[in-house]
Amino acid sequence: RDDPKIVPRFAAAARIIDLSTGRWRTETDSDIRTYVNTRLAEPAIAARVPPAIHPEALAEKLVQVANGNFLYISFFLDEVANHRNLDDLDTLPSGLYELYRTYLERIIPGQNGPESSTRSRDLIRNALGALSAAMDAIPMELLAKWLGIDVDETRRILLDLTQIVTSNADGCRLYQI
């Protein structure tokens with residue numbers, strides 16, 4: 001985070017490279033294309049590519065929808081490896097926020113529907129709320145206490161949230177967007 005006591009000390013010597021500008025787009029797209037082609041060769045993903053879609057055309061479409069965002073393409077291809085269909089390339093989520101939205105709609109189905117238990121939906125919402133309000137990683141035991149459940153159940157909930165939550169020895173937190 002930017003600390004007004006520290007930042008000025010480094011400002012003169014710092015070189016900021018904004019990878020989001022168009023200046024680096026060719027290099028970024030090339031790196032994403034290499035990553036996409038590597039992932040498309042994985043058996044779990046290759047098996048989900050419809051025979052009618054040429055892998056090179058698919059790779060180019062994925063580079064296009066990634067729009068320079070590695071996190072998007074990484075999450076998207078993780079979804080493909082697990083369950084997402086690639087039948088209609090025109091319906092791919094356009095951007096990280098839309099990808100997150102479709103992901104959340106899947107893990108918290110039918111906000112008012114019977115697809116999952118109310119308790120499960122509430123626990124997922126509460127976990128996301130706690131994680132989004134935290135400045136630092138939350139220890140698993142503390143998150144379990146806040147949710148009013150045991151650590152094992154907390155781990156099960158976090159498994160459903162692996163695309164947006166990271167866990168390590170320090171605890172768990174939302175990926176930064």
Worksheet item: What distance do Leu143 atom CG and Leu131 atom CG have between them, rounded to the nearest 0.5 Å?
Response: 5.5 Å
Worksheet entry | Reported CZ-to-CG distance for the pair Arg156 and Leu123, which is rounded to 0.5 angstrom | 10.5 Å
Worksheet item: Looking only at heavy atoms, which two atoms of Ala130 and Ile138 are closest? And how far apart?
Response: O-CD1, 3.6 Å
Worksheet item: Quick one: does Leu147's side chain get under 4.5 Å of Glu153's, heavy atoms only?
Response: no
Discussion item. With rounding to the nearest 0.5 angstrom, report the OG1 to CZ distance, Thr28 to Phe70.
Written reply: 7.0 Å
Kindly list each side-chain donor-acceptor pair under 3.5 angstrom involving residues 165-172, sequence neighbours excluded, with atom names and distances?
{"residue": "Asn168", "atom": "OD1", "partner": "Asp170", "partner atom": "N", "Å": "2.8"}
{"residue": "Asn168", "atom": "OD1", "partner": "Gly171", "partner atom": "N", "Å": "3.4"}

Practice prompt. Could you walk me through whether Arg125 and Asp122 pass side chain to side chain contact (heavy atoms under 4.5 Å, CB included), step by step?
Written response: CA-CA 5 Å; Arg125 278 193 201 107; Asp122 288 348; 3.3 Å; yes
Worksheet item: Taking the side chain from Ser30 and the backbone from Thr26, do they hold a donor-acceptor pair closer than 3.5 Å?
Response: no
Worksheet, complete the sentence: When every non-hydrogen atom of Ala46 is compared with those of Leu40, the smallest separation belongs to CB-O, 3.4 Å
Worksheet, complete the sentence: Here the pair of heavy atoms bringing Leu89 nearest to Leu86 is CD2-O, 3.7 Å
Practice prompt. Scan residues 49-59 for pairs that pass side chain to side chain donor-acceptor pair (under 3.5 Å), counting only residues two or more places apart or in two chains.
Written response: none
Worksheet item: Which distance, rounded to the nearest 0.5 Å, do you find between the CG of Leu92 and the CG of Asp90?
Response: 8.0 Å
Can you give the donor-acceptor pairs under 3.5 Å from side chains of residues 62-69 to other protein atoms, not counting sequence neighbours?
{"residue": "Asn67", "atom": "OD1", "partner": "Arg25", "partner atom": "NH1", "Å": "3.2"}
{"residue": "Asn67", "atom": "OD1", "partner": "Arg25", "partner atom": "NH2", "Å": "3.0"}
{"residue": "Asn69", "atom": "OD1", "partner": "Leu71", "partner atom": "N", "Å": "2.9"}
{"residue": "Asn69", "atom": "OD1", "partner": "Tyr72", "partner atom": "N", "Å": "3.0"}

Response to the item:
Residues passing the side-chain contact (heavy atoms from CB on, under 4.5 Å) test with Arg84, sequence neighbours excluded, are Phe76, Glu79, Val80, Pro93, Leu99, Thr102, Arg106
Response to the item:
Smallest heavy-atom separation, Asn37 atom then Ala59 atom, equals OD1-CB, 3.3 Å
Discussion item. Taking salt bridge (charged side-chain N to carboxylate O under 4.0 Å, His left out) as the cut-off, I'd like each qualifying pair that reaches into residues 33-55, sequence neighbours left out, listed once.
Written reply: Arg33-Glu60, Arg39-Glu42, Arg39-Asp78
Item to complete: Check the pair Leu128, Ile124 against side chain to side chain contact (heavy atoms under 4.5 Å, CB included), reporting the backbone distance first and the verdict last.
Response: CA-CA 6 Å; Leu128 288 172; Ile124 289 171; 4.0 Å; yes
Worksheet entry | Set of side-chain contact (heavy atoms from CB on, under 4.5 Å) partners for Glu27, sequence neighbours left out | Trp24
